[in-house]
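One structure is given below, encoded as structure tokens.
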Amino acid sequence: MVVAAEVVAALVAAASDETSSPATPRQILDWISNSKAGAPPDLVEAALHAVDKVRTNSELKDLWLEAEGLNEWSAALRELKERLSC
């Protein structure tokens, strides 16, 4: 879910002439550029919902908690939500 939300965030960035995350793979950026795809509002809303769900109640959250990296992971997800909200 997080990876899909990252792709949607890249679509949002492209539509607003913003820079996407430096971690966005070149293949995704090329696809966005070639397809001229946009980010429909319902897709952005679904991505925001998915990020919230993963961040609050998921096995992935539990794994980050066990690895003592929960704060950094949560910060990355907050930043992702900000990019989705542009």
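Heavy atoms only: backbone and side chains are in, while hydrogens, waters and symmetry mates are out. Fair warning: this is a prediction, and the values are worked out from it, not measured in the lab.
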Under the side chain to side chain contact (heavy atoms under 4.5 Å, CB included) rule, what do Glu72 and Trp64 come out as? Steps first, then yes or no, please. CA-CA 9 Å; Glu72 294 85 1; Trp64 278 104; 5.9 Å; no

Might you point out which heavy atoms bring Val44 and Leu84 nearest each other, and give the distance in Å? CG1-O, 3.4 Å

Sequence neighbours left out, what passes side chain to side chain donor-acceptor pair (under 3.5 Å) with Lys81? Give chain and number order. Asp52

Report yes if some heavy atom in the side chain of Ser58 is under 4.5 Å from a heavy atom in the side chain of Lys53; otherwise report no. no

What distance do Arg78 atom CZ and Leu80 atom CG have between them, rounded to the nearest 0.5 Å? 12.0 Å

Looking only at heavy atoms, what is the nearest atom pair of Ile32 and Ala10, with distance? CD1-CB, 3.5 Å

Rounded to the nearest 0.5 Å, how far does OG of Ser74 lie from CG of Leu65? 9.5 Å

Nearest-0.5 Å distance, CD of residue Glu6 to OG1 of residue Thr24: 6.0 Å

Between Asn34 (side chain only) and Asp30 (backbone N and O only), is there a donor and an acceptor less than 3.5 Å apart? yes

Look at the side-chain heavy atoms of Ile, Leu, Val, Met, Phe, Trp and Tyr, link any pair under 4.5 Å apart, and say whether Leu77 and Leu63 land in one connected group. no

Could you tell me if the side chain of Val51 sits less than 4.5 Å from the side chain of Val2, heavy atoms only? no

Measure the spacing between NZ of Lys61 and CH2 of Trp73 and express it to the nearest 0.5 Å. 7.5 Å

Met1 and Leu48: same hydrophobic cluster, using ILVMFWY side-chain contacts below 4.5 Å? yes

Between Leu70 and Leu60, is there shared hydrophobic-cluster membership here, with clusters defined by ILVMFWY side-chain heavy atoms closer than 4.5 Å? yes

How close do Pro40 and Gly38 get, counting heavy atoms only, and between which atoms? CD-O, 3.3 Å

